[in-house]
Amino acid sequence: MLIEFGARLLHWAALPAVLLATPSLLSIFAFVAARTHATNDQPRAQWIEYRSWDRIIQIMLLVVWWLLWDFRGPLSIVIPFNGAKDSTTLFDSGAPAFWYLPVSAIFLYLVVSSYLGTAILRRKRGIGLRISHAIGRIVSFAAPLILLEAGIDELLKRNAWGFLYFAGAAAAWRIGAIVALFAVGFRLNSLKSGETLGRARRIAHQMGVKLRHVFMVPAGRGRLTNAYSMGDAIAVTDSLGQHLTRDQLEFTIAHEVAHCQRKHGRTTVRSGLLIFGVSAAVLFAIGPQAGPMRIPLQILGLLTPVAAAEWISRRNEYEADRVAVEFTKEPESAIRALGNLSCAADAPMRPNPIADVFEGHPCLLYRVRAIAHAGRLSQERLSDILREAQIIEAES
Ligand SMILES: [Zn+2]
């Protein structure tokens with residue numbers, strides 16, 4: 001009885017503490033390392049650079065956790081597993097830990113890095129906003145990954161429940177992004193009149209798109225500065241005018257209208273269903289025959305659909321940029337618009353070849369290069385604009 005109680009206490013206290021420490025230490029360590037090896041004193045740029053590893057840190061944590069769970073060696077000391085040895089369904093005893101431990105670890109990591117980030121960027125943020133921001137990001141990234149992990153485990157056992165987890169992951173992927181936006185104060189006000197509505201309607205009309213709605217999003221507590229497209233509607237934050245000139249605004253709206261014109265919302269959903277569906281079917285077909293290939297298969301099965309879905313999203317961004325520049329015929333304004341938006345969002349400017357695989361937007365440098373190419377700007381001119389706009393210093 002006492003031993004059982006002790007084991008439970010360990011289960012509920014010691015292990016979470018160990019796990020929670022990992023990502024926080026990781027983030028502090030990486031931050032300190034980035035600062036020590038700095039050749040210049042630009043903590044802001046270094047922080048943004050470090051933040052570009054954010055999703056990789058989460059993926060690593062989730063993969064390590066998953067493998068530990070599957071090969072319960074070290075965990076069996078602290079977690080009393082009473083359930084069937086090779087089962088990880090939601091209904092097993094001990095199984096809730098499969099969900100709440102990594103989620104709470106990532107939650108702590110996100111909150112800690114939010115505090116570090118605002119200290120470095122000299123921003124102020126309330127605790128409520130930090131928490132909702134972290135929750136939004138978990139719902140849109142970590143949660144779909146954990147669902148995929150559970151699904152892969154089931155599919156490799158030829159358990160059809162795995163398909164349900166995959167469907168859940170695909171849905172969370174899509175809905176999570178929307179939840180993440182609303183968590184940081186995203187609100188939609190349909191425009192009935194005004195300059196922005198007039199401009200959006202004119203651009204849409206000229207691009208052959210019928211917009212059902214044009215929304216204004218209050219920048220609010222989340223300090224949003226962005227534009228969005230949803231089906232046959234677009235949304236812009238009311239803070240855009242502070243960061244963009246008229247020509248830059250023209251490109252930004254044309255980019256969103258281009259998403260509507262090319263029906264990117266619909267293709268994202270369809271390709272997502274296809275990618276997640278095919279991955280699940282392949283894993284189910286392989287099933288227990290995976291043998292010694294199980295671990296590589298698990299990791300591949302987790303990362304491939306995620307990378308493929310984000311690749312499609314990046315391809316859509318390049319296409320929307322190209323269509324918008326073909327419309328405005330102002331590649332220079334387009335480059336400056338993207339530079340200003342990246343700056344306002346503290347987004348990384350330079351590529352991160354590993355982390356960018358899991359990002360839905362291409363890095364700024366690749367986007368402006370593609371725009372320069374589409375708009376027939378020379379490499380020298382591009383370098384000049386970037387230097388002038390202080391987007392990427394000494395880029396050549
Ligand atoms: Zn876009």
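Read the numbers this way: they start at 1 and go in the same order the structure lists the ligands and their atoms.
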*Asks:* Check whether any N, O or S atom of His259 sits under 2.8 Å from the Zn ion (ligand 1).
*Replies:*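 Given the 2.8 Å cut-off, His259 counts as a ligand of the Zn ion (ligand 1).
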
*Asks:* Could you tell me whether any N, O or S atom belonging to His255 is less than 2.8 Å from the Zn ion (ligand 1)?
*Replies:*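 Checking the Zn ion (ligand 1) against His255, an N, O or S atom does fall under 2.8 Å.
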
*Asks:* Less than 6.0 angstrom from the centroid, inside 45 degrees of the normal: does Arg367 satisfy that with respect to the ring of Tyr318?
*Replies:*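 The answer is no, since Arg367 fails at least one limit relative to Tyr318.
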
*Asks:* So, do Ile299 and Leu67 sit near enough that their side-chain heavy atoms are less than 4.5 Å apart?
*Replies:*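 Yes, close enough: below the 4.5 Å cut-off.
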
*Asks:* Can you confirm whether Phe182 sits close enough to Arg187 that some side-chain heavy atom of one is under 4.5 Å from a side-chain heavy atom of the other?
*Replies:*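 Yes, close enough: below the 4.5 Å cut-off.
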
*Asks:* Can you name the N, O or S atom of Glu317 that is closest to the Zn ion (ligand 1)?
*Replies:*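 Nearest to the Zn ion (ligand 1) within Glu317's N, O and S set: OE1.
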
*Asks:* Are the side chains of Gln298 and Asp153 in contact, using a 4.5 Å heavy-atom criterion?
*Replies:*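 Yes, close enough: below the 4.5 Å cut-off.
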
